[in-house]
Amino acid sequence: MDQTIWLTLICYMLRGASTEQREVRLKKSTGSDCQTLPLGAPWTSVSAIECYLTCVDQFPDSCHSVVYNPDTLACTPGSTAFGPIETLPSSIPDANSNDAIYYLKQPVPACNANLGFALYDVCGTSACLYLSTSELNYTDAVQACADMDSILFIADTDARYSLFWYVGLNYLIQDTWVGLSDIAEEGKFVWENGNTLSARQASYAWSRYFSQPDNAGGNENCVEARHLVWPGIFGLNDWFCFELNYYICDAAAV
Ligand SMILES: *[C@@H]1O[C@H](CO)[C@@H](O)[C@H](O)[C@H]1NC(C)=O
Ligand SMILES: [Ca+2]
Ligand SMILES: [Ca+2]
């Protein structure tokens with residue numbers, strides 16, 4: 001059951017001498033569907049809408065969600081919303097209270113369905129992805145994506161990782177390459193867009209069930225999404241680049 005609703009607001013915001021008018025669509029989600037990270041300490045607001053407007057006023061560039069509790073009137077400013085990631089410390093809302101999260105839809109990338117790409121969306125973050133139907137080694141997968149003006153899937157933020165998690169659990173049926181490797185320098189994992197895997201992401205993204213990454217045989221340098229049993233326990237694993245795997249191309253990250 002979808003327990004979410006979109007609220008459409010017209011916001012009038014005073015910015016110096018000029019008045020900016022824009023439409024804001026906030027989606028309300030209860031329980032544990034969506035989370036965010038707090039941008040600061042909570043304050044009191046009389047409504048969820050006032051909560052959001054105050055958040056934008058205080059954090060014009062980074063407020064993408066709020067958590068509002070109608071019992072306590074507590075309003076907590078939040079960053080980009082993301083779907084549940086197993087254990088991300090300090091994430092809100094608190095699923096055991098009447099906290100509700102209201103999040104803003106992020107820009108939706110153009111998506112060319114003719115090439116087999118489709119939009120996937122979680123908690124307002126979307127990506128235009130191609131889920132392969134055949135297997136290639138890592139270097140051939142990188143090239144296959146490039147040939148379609150795309151890049152192996154990049155999950156370099158909490159929001160994009162949660163989208164990847166959602167796709168992994170709901171659509172993948174085999175071990176699948178993502179755009180992450182330590183080919184250039186052993187132990188230093190870099191996304192195909194050049195961003196380094198952050199320590200915080202590393203704390204939740206690797207499969208804990210086999211203590212990954214383990215650089216088995218001294219030669220595992222490419223990263224796959226791996227299930228213990230498909231569908232089942234899920235996480236990242238370093239793996240042999242020459243092995244054949246399914247792969248995900250990401251058109252939005254180019
Ligand atoms: C991947 O396969 C191609 C042939 O399709 C081969 O030329 C290339 O060396 C292989 N890459 C790896 C990392 O094994
Ligand atoms: Ca390695
Ligand atoms: Ca491994």
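Just so you know, ligand 1 is whichever comes first in the structure, and atom 1 is the first atom listed for that ligand.
- Without hydrogens or angle criteria, Asp238 side chain to Asp214 main chain gives a donor-acceptor distance under 3.5 Å.
- Taking the centre of each ring, Tyr120 and Tyr166 stay at or above the 6.0 Å mark.
- Under a 3.5 Å cut-off, the side chain of Gln58 and the backbone N or O of Thr54 do not form any donor-acceptor pair.
- Between Trp191 and Arg160, the closest side-chain pair of non-hydrogen atoms is not below 4.5 Å.
- Ranking protein heavy atoms by distance to atom 3 (C) of ligand 1, first place goes to Asp140 OD2, 3.4 Å.
- When side chains are defined from C-beta on, Ile183 counts as touching Tyr138, because their heavy atoms get closer than 4.5 Å.
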Problem set entry | Test ring-ring contact (aromatic ring centres under 6.0 Å, His included) applied to Phe189 and Trp206, step by step | CA-CA 11 Å; Phe189 286 90; Trp206 293 109; 4.8 Å; yes
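- Rounding to the nearest 10°, we obtain 70° for the angle at the Ca ion (ligand 3) between Gln212 OE1 and Asn237 OD1.
- With respect to the Ca ion (ligand 2), Glu186 has OE1 as its nearest N, O or S atom.
- Closest to atom 13 (C) of ligand 1, if we only count protein heavy atoms, is Thr139 OG1, 3.7 Å.
- For Glu220, the N, O or S atom with the smallest separation from the Ca ion (ligand 2) is O.
- Coordination check, Asn219 versus the Ca ion (ligand 2): failed, since every N/O/S atom of the residue sits at 3.0 Å or beyond.
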Exercise. How far apart are the C-alpha atoms of Asp175 and Arg226, what are their side-chain angles, what is the distance that settles it, and do they pass the salt bridge (charged side-chain N to carboxylate O under 4.0 Å, His left out) test?
Worked result: CA-CA 5 Å; Asp175 298 341; Arg226 167 160 272 192; 3.2 Å; yes
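- In terms of distance to the Ca ion (ligand 2), the nearest N, O or S atom of Asp182 is named OD2.
- From Glu243, atom CD reaches atom CH2 of Trp177 across 7.5 Å, with rounding to the nearest 0.5 Å.
- If you look at Asp214 and ask which of its N, O or S atoms sits nearest the Ca ion (ligand 3), the answer is OD1.
- Remark: minimum distance from atom 14 (O) of ligand 1 to any protein heavy atom is reached at Phe242 CB, 3.1 Å.
- Contact atoms of ligand 1 toward Asn137: 1 (C), 2 (O), 3 (C), 8 (C), 10 (C), 11 (N), 12 (C), 14 (O) (distance under 4.0 Å to a heavy atom of the residue).
- Atom 11 (N) of ligand 1 is approached by the protein to below 4.0 angstrom, counting heavy atoms only.
- Not one N, O or S atom of Asn215 sits under 3.0 Å from the Ca ion (ligand 3).
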